[in-house]
> 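One structure is given below, represented as structure tokens, and several questions about it will come after.
Here is the naming used below: chain letters follow the sequence lines, and residue numbers restart at 1 for every chain.
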Amino acid sequence: MEPAEYELAFFRRNGFQRRTCVVCGSGFWSLGDHDRCQEAPCRDYGFIGHPIFPHAYEYAAMREKFLAFFEHRGHTRLRRYPTVCRWRNDVFFTQASIYDFQPWVTSGTIPPPANPLTISQPCLRFNDLEEIGRSGRHFSEFEMMAHHAFNRPDHEVYFKDRTVELCHELLTDELGTDPKGITYKEEVWEGGGNLGPSLSVGVLGLELATLVFMEYVRDGDALRPMPLTVVDTGYGLERFVWASHGTKNAYEAVFGAAYDEVRRTFPPREAAVLLDHARTINFLVTDGVVPSNSKEGYFARLAIRRSLRILGKTPDAPALTALLDRMARDLAHQYPEIGQHRDDLHRVVENEAERYADAIDRARSVIRRSEERARSTGQSITADDLLGWYDSLGVPPEVAVEELQAPPAIPADFYARAAARHESDAPATDYAERSEGLPRPPDATPATEVLYYLDPYTDTFESHVVHADGPYVVLDRTYFYPTGGGQVADRGFLGDTEVVDVARVGPWVLHRLERAPGWRVGERVRGRIDKARRMQLMQHHTATHLLNGALREVLGPHVWQAGAYKGPESARIDITHYKPLSKEELHRVERRVNEVVRRDLPVRSYFESRGEAERRFGFTLYQGGAVPGKELRIVEVEGMDVEACGGTHCTHTSEVGAIGILDVERIQDGIVRLTYVSGERALDVREEHEAILSEAARRLGVPVTGLPSGIDRLLGEVEESRKVAKARTKDDLGQTAQALLHDPSAVDVFGDVTVVRARRDGLDRAALQELSRLLTREPKRVALLASERDGTGLFFVGSSTPHIAAAALVEAAKPSFGGRGGGNPSAATAVGEPGQPLSDAMEAARAAARSAAGA
RNA sequence: GGGCACGUAGAUCAGCGGAAGAUCGCUGCUUUCGCAAAGCAGAGGUCGGGGGUUCAAAUCCCCCCGUGUCCA
């Protein structure tokens with residue numbers, strides 16, 4: 001980054017000097033005479049016992065101070081976004097305030113909700129879990145306070161100068177820091193293909209904020225200026241509160257009274273972990289994460305199980321739910337949604353606690369057995385075993401050690417080693433828009449006016465070509481719905497050419513035609529949408545909203561949409577839920593949605609300001625993920641479901657027609673998928689099912705209502721005849737065995753050993769085995785059995801004579817008929833040539849038996 | 001999204017290439033006034049599903065399905 005990037009007018013105007021840190025070598029700007037930047041590790045924490053700000057602020061007060069400061073300087077205050085980053089697929093959690101605006105706002109696709117804006121965004125980071133409580137400053141949930149500005153060439157809000165000016169004013173005039181104590185260290189920020197200069201703000205060893213200026217796109221080695229430049233700031237609320245108290249660790253300052261309460265029962269480290277995790281769990285569950293074994297859910301599980309472990313080893317520890325309630329109380333002032341569904345949260349957490357107890361129980365018995373086995377083979381349990389158990393059974397090493405008589409030492413780096421077992425080089429998937437791979441129209445192309453929002457029933461329209469590139473066409477206005485929000489794109493025709501796909505690219509709607517139509521810009525075209533297909537998609541989409549609402553009613557508010565798909569054939573919704581749906585729950589959901597259909601409620605779609613919509617409906621608006629923009633498109637079914645949604649919808653619930661749930665499956669731990677149909681498809685599917693049922697009934701010769709009992713009868717009969725058949729062959733073989741034993745030509749007596757020979761062509765291996773078993777029930781017997789079947793010779797030997805091994809006799813017989821096989825002392829088998837060689841094999845075995853018997 | 005472990009009798013599990021087992025539970029009998037207990041006898045298994053290798057697969061390999069768990 002060029003030095004000029006950091007030479008701000010603000011610095012010059014106010015007499016800041018640029019110096020170089022003698023420790024890290026970075027350039028920094030300051031009013032004070034420092035030889036190093038004021039950030040650890042370049043210098044020690046100097047604020048412990050000497051607060052950076054003259055007043056000590058409580059957590060909520062500091063946040064309010066910050067937001068109000070920026071609000072008074074022209075920023076619009078925004079409510080928090082969800083901590084679960086459902087609108088991106090490269091990350092699970094909101095880890096910084098700017099995540100709220102990526103990728104759509106930062107890429108210029110959608111205007112920012114306000115500009116400039118200020119927000120305090122709760123963020124989740126799970127990469128330093130072990131540091132929590134130990135370092136004195138790590139949290140898994142923290143708030144990043146920020147002010148953001150988005151600058152377009154035609155609309156500059158503010159950039160570097162004003163940003164630093166605001167920051168400086170906040171720290172000094174507003175919060176009372178000594179201006180000379182602040183250093184602005186020069187850094188380079190890079191992420192997501194963008195980069196720009198940034199300044200890191202340090203005071204007395206503490207990094208209070210980072211001011212990032214996104215202005216370039218990396219293009220190979222070259223840097224291109226971004227069309228949209230972004231002010232991305234981050235001020236750590238926890239750090240500000242800590243700085244204002246100057247306490248030894250951040251936790252007592254941040255958690256305040258709650259910290260003191262918990263400290264009465266727990267040591268400092270445990271207290272910090274419990275409080276931190278309690279906050280995290282509250283946010284996670286409120287924002288629709290249910291504990292599970294993968295993705296977001298795993299972190300909820302981790303936080304819950306870690307907390308339970310700490311609580312479990314402390315006598316008189318409070319219940320986890322009590323702790324959650326305690327933290328919810330502190331958070332509820334700012335975030336009323338937290339703690340609003342206390343009972344539901346308790347159910348989710350208690351269910352997880354139960355599962356954890358089950359897992360540990362299971363693990364204990366495995367561990368006991370393993371040790372027993374190890375002891376009997378003279379081995380001992382190793383640290384590797386502990387690692388394996390943690391990995392596959394989830395049992396923490398401390399618990400395993402408790403269970404063992406002779407435990408190994410737990411390695412100090414146990415959890416690091418556990419993590420190392422899972423190192424993979426799988427690249428993180430990028431949060432690309434769907435537009436990836438599609439041609440992007442030139443920037444000068446006028447944005448497409450989308451009409452399907454206004455009227456989802458219009459299926460023919462006229463418009464003009466504003467861009468054409470091979471089969472790709474952009475119109476000035478269109479009724480074609482592009483793939484989005486889980487709803488697949490419309491089909492239809494532009495002129496005489498079929499539209500095979502429709503996608504949103506930036507501000508444009510791109511129609512992909514079956515072939516290049518050769519149109520020129522300005523040409524007038526007529527569009528015609530496949531109306532039946534669109535209608536079906538609308539029905540499926542509205543049905544999805546109804547189901548979502550009904551599922552929340554029946555199962556509880558922890559239910560969030562975790563994904564959805566609305567196709568012409570069927571639709572599905574994935575929801576967060578902690579156990580499989582019972583038949584009864586399913587039934588109630590289905591009844592409820594169909595009742596809403598019958599009551600013919602209006603489905604209202606309208607635009608509303610974000611703030612107003614959030615105030616009226618709360619956070620559950622964002623079922624499909626956060627939707628940027630000043631205005632949200634709200635789809636409301638009164639009393640049932642309200643979502644921010646860009647899809648096409650029926651205007652009355654009765655248009656949806658019957659809704660039939662076809663399938664419910666648990667697609668992963670914590671996520672349940674429902675597949676369903678509505679409208680025309682519901683009728684089709686019902687007809688199909690009825691046809692299948694009546695055909696099945698016809699074949700069974702019963703009425704449809706008699707199917708279940710008819711099938712039971714049939715299964716009973718099958719079972720019965722299977723038994724009869726089995727018994728019969730056993731009988732037959734029994735008779736054969738008796739006959740053989742009494743047939744002098746089949747029996748040889750060699751000393752005290754009775755050798756029975758028989759050739760029974762057609763018997764399979766299992767029959768020979770059974771016959772052999774019958775013949776060798778008495779001791780001192782040998783059975784030599786042969787069968788020719790499907791052109792091969794089968795030879796089977798059974799022996800109840802200890803010194804005559806069946807396998808040895810087969811060995812002896814093998815050369816005679818080119819047999820391959822083997823066995824054990826009591827039974828052996830081989831296959832080879834049929835006919836005479838098989839008979840020779842029998843003779844060879846007989847001779848071997850005779851000599852083995854010593855006769 | 002990836003790694004690992006596990007799916008065998010109603011339950012808990014053993015067996016890990018050569019003729020499907022143990023314990024508990026269940027049924028019947030013996031014993032008892034009755035119950036419990038004990039003894040004896042018995043029923044109960046397409047060894048999760050499908051392919052493959054092998055003379056031979058619960059066992060080895062591959063693919064599904066299900067469960068658990070860890071990591072990101």
> Give the rounded distance in Å between these two atoms: CG of A:Leu386 and C1' of B:U69.
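For the pair A:Leu386 CG and B:U69 C1', the rounded distance is 16 Å.
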> Distance between the C1' atoms of B:U31 and B:C40, in whole angstroms?
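About 11 Å, rounded to a whole number of Å.
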> In dot-bracket form, 5' to 3', how is RNA chain B paired? Count Watson-Crick and G-U wobble pairs only if both distances fall under 3.5 Å, and write | where the partner sits on another strand.
((((((((.[[[[.)..(..]]]].(((((.......))))).....[[[[[..)....]]]]]))))))).
> If you assign A:Asn127 and A:Ala828 each to the RNA chain B nucleotide with the nearest heavy atom, which residue ends up on the more 5' nucleotide?
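Looking at the nearest nucleotide for each, A:Ala828 comes out on the 5' side.
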> Just wondering, are more than 12 heavy atoms of other shown residues or ligands nearer than 6.0 Å to NE2 in A:His587?
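Open.
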> Salt bridge or not between A:Glu350 and A:Arg347? Use side-chain N to carboxylate O under 4.0 Å.
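Looking at A:Arg347 together with A:Glu350, the answer is no, because their closest N to O distance does not fall below 4.0 Å.
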> In whole angstrom, give me the gap between the C1' atoms of B:C6 and B:C13.
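Those two atoms are separated by 12 Å.
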> Could you write out each protein N or O paired with an N or O of nucleotides 43-53 of chain B at a distance under 3.5 Å?
none

> For B:G15 versus B:U54, give the span between their P atoms, rounded off to a whole number of Å.
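One P to the other, the span is 28 Å.
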> Can you tell me which nucleotide in B:A56, B:G3, B:G18 comes closest to the side chain of A:Arg765?
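Nearest to the side-chain atoms of A:Arg765, counting from C-beta on, is B:A56.
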> Please state whether the phosphate of B:G68, meaning OP1 or OP2, lies under 4.0 angstrom from any side-chain nitrogen or oxygen of A:Arg666.
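Answer is yes, contact under 4.0 Å.
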> Identify which nucleotide among B:G1, B:G68, B:U54 has an atom closest to any side-chain atom of A:Ser294, counting heavy atoms from C-beta outward.
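The answer is B:G1, which lies nearest to the side chain.
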> Say we look at B:C29 and B:G66: how far apart would their C1' atoms be, to the nearest angstrom?
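Their C1' atoms lie roughly 42 Å apart.
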> From CD1 of A:Ile367 over to C1' of B:G68, roughly how many Å is that when rounded to an integer?
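Distance check: A:Ile367 CD1 to B:G68 C1' gives 14 Å.
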> Considering only NZ, NE, NH1 and NH2 on the basic side and carboxylate oxygens on the acidic side, decide whether A:Arg757 and A:Asp748 come within less than 4.0 Å.
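So A:Arg757 pairs with A:Asp748 through a salt bridge.
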> May I have the distance from A:Leu733 (atom CG) to B:A19 (atom P), rounded to whole angstrom?
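Interatomic distance, CG of A:Leu733 to P of B:A19: 19 Å.
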> Mind checking the P distance from B:G34 to B:G21? Whole angstroms is fine.
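B:G34 and B:G21 have their P atoms separated by 37 Å.
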> In whole Å, I'd like the distance from the CG atom of A:Leu393 to the C1' atom of B:C6.
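Distance, rounded to whole Å: 9 Å.
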> Just call it for A:Gly821: base, sugar-phosphate, or nothing, with non-hydrogen atoms closer than 4.0 Å on any strand.
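Base, at least one base heavy atom under 4.0 Å.
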> Does the gap between the ring centers of A:Tyr390 and A:Tyr415 come in under 6.0 Å?
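Yes, they do, as the ring centres are separated by less than 6.0 Å.
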> Just the rounded figure in Å: distance from P of B:C64 to CD1 of A:Ile667.
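That distance rounds to 17 Å.
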> Base of B:G68, side chain of A:Asp358 - is there a donor-acceptor contact under 3.5 Å?
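Counting by modelled atom types and ignoring angles, no donor-acceptor contact under 3.5 Å is found here.
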> Answer with base, sugar-phosphate or nothing: what part of the nucleic acid does A:Thr792 contact at a heavy-atom distance below 4.0 Å?
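Answer is nothing: A:Thr792 stays at 4.0 Å or more from every strand.
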> Rounded to whole angstrom, note down the P distance from B:G3 over to B:G48.
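Pairwise P distance, B:G3 against B:G48, rounds to 23 Å.
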> Hey, does A:Ser292 reach any base, or is it just sugar-phosphate, or nothing, if we go heavy atoms under 4.0 Å?
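Nothing, no heavy atom under 4.0 Å.
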> Say you pick atom P in B:C24 and the same atom in B:A58; how far apart are they, in whole Å?
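It works out to 28 Å between them.
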> Quick test of your reading of the model: are A:Arg306 and A:Glu130 salt-bridged, counting only N-O distances below 4.0 Å?
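Counted as a salt bridge, because a side-chain N and a carboxylate O are separated by less than 4.0 Å.
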> Could you check whether A:Leu387 gets within reach of a base, just the sugar-phosphate, or nothing at all, counting any heavy atom under 4.0 Å?
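The residue A:Leu387 makes no contact with any strand.
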> One thing to verify: whether A:Asp669 and A:Arg666 come together as a salt bridge, which I'm taking to mean a side-chain N less than 4.0 angstrom from a carboxylate O.
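Between A:Asp669 and A:Arg666 there is a salt bridge, with a charged N closer than 4.0 Å to a carboxylate O.
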> Pick the closest RNA chain B nucleotide for A:Arg373 and for A:Asp669 by heavy atoms, then say which residue is nearer the 5' end.
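Mapping each residue to its closest nucleotide by heavy atoms, the 5'-most match is A:Arg373.
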> Contact class for A:Arg305 (heavy atom, under 4.0 Å): base, sugar-phosphate, or nothing?
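The residue A:Arg305 makes sugar-phosphate contact but no base contact.
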> Rounding to an integer number of Å, can you tell me how far A:Lys814 NZ sits from B:U54 C1'?
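Interatomic distance, NZ of A:Lys814 to C1' of B:U54: 13 Å.
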> Within the 4.0 Å heavy-atom criterion, would you say A:Arg777 contacts the bases, only the backbone, or no part of the nucleic acid?
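Counting heavy atoms under 4.0 Å across all strands, no contact is made by A:Arg777.
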> Strictly below 4.0 Å, N to O, side chains only: are A:Arg369 and A:Glu372 in salt-bridge contact?
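Salt bridge between A:Arg369 and A:Glu372, a charged N being under 4.0 Å from a carboxylate O: no.
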> Is any N or O donor-acceptor pair between the side chain of A:Asn293 and the base of B:U69 shorter than 3.5 Å?
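Result: at least one qualifying N/O pair found.
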> Are the aromatic rings of A:Phe92 and A:Phe126 close, with centres under 6.0 Å apart?
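Ring centroids of A:Phe92 and A:Phe126 are no less than 6.0 Å from each other.
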> Does A:Arg421 place a side-chain N or O at less than 4.0 Å from the phosphate oxygens OP1/OP2 of B:G2?
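No, outside the criterion.
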> Return yes when atom CZ of A:Arg375 has more than 12 non-hydrogen atoms of other residues, nucleotides or ligands closer than 6.0 Å, and no otherwise.
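It does: A:Arg375 CZ has more than 12 such atoms within range.
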> Less than 4.0 angstrom from a charged side-chain N to a carboxylate O is my criterion; do A:Asp663 and A:Arg673 meet it?
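Answer for the salt bridge query: no.
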> How many whole angstroms separate atom CZ of A:Phe93 from atom C1' of B:A72?
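Result: 11 Å.
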> Round to a whole Å and report the spacing from CD1 of A:Ile360 to P of B:C70.
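Answer to the nearest Å: 9 Å.
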> For the residue pair A:Thr776 and A:Val782, establish whether any side-chain heavy-atom pair is separated by less than 4.5 Å.
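In short, these two side chains do not touch, never coming nearer than 4.5 Å.
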> I'd like to know if A:Arg572 and A:Asp574 make a salt bridge, using a cut-off of under 4.0 Å between side-chain N and carboxylate O.
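No, no charged N to carboxylate O under 4.0 Å.
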> Check the phosphate of B:C13 against A:Ser365, side-chain N and O only, distance under 4.0 Å to OP1 or OP2. Yes or no?
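Yes, A:Ser365 has a side-chain N/O under 4.0 Å of OP1/OP2 on B:C13.
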> Looking for any heavy atom pair under 4.0 Å, which part of the strands does A:Phe92 touch: base, sugar-phosphate only, or nothing?
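Base contact.
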> What's the closest nucleotide to the side chain of A:Ser392 if the choices are B:A19, B:A5, B:C70?
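Nearest nucleotide to the side chain: B:A5.
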> Taking B:A5 as the reference, what is the distance to B:G10 when you measure between their C1' atoms (whole Å, please)?
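Here B:G10 and B:A5 have their C1' atoms 25 Å from each other.
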> Looking at A:Arg362, I'd like to know whether one of its side-chain N or O atoms comes within less than 4.0 Å of OP1 or OP2 on B:A5.
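Result: no.
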> Whether A:Arg369 contacts B:A14 is assessed here as follows: a side-chain N or O lying under 4.0 Å from the phosphate OP1 or OP2. Is that the case?
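The answer is yes; a side-chain N or O of A:Arg369 sits under 4.0 Å from OP1 or OP2.
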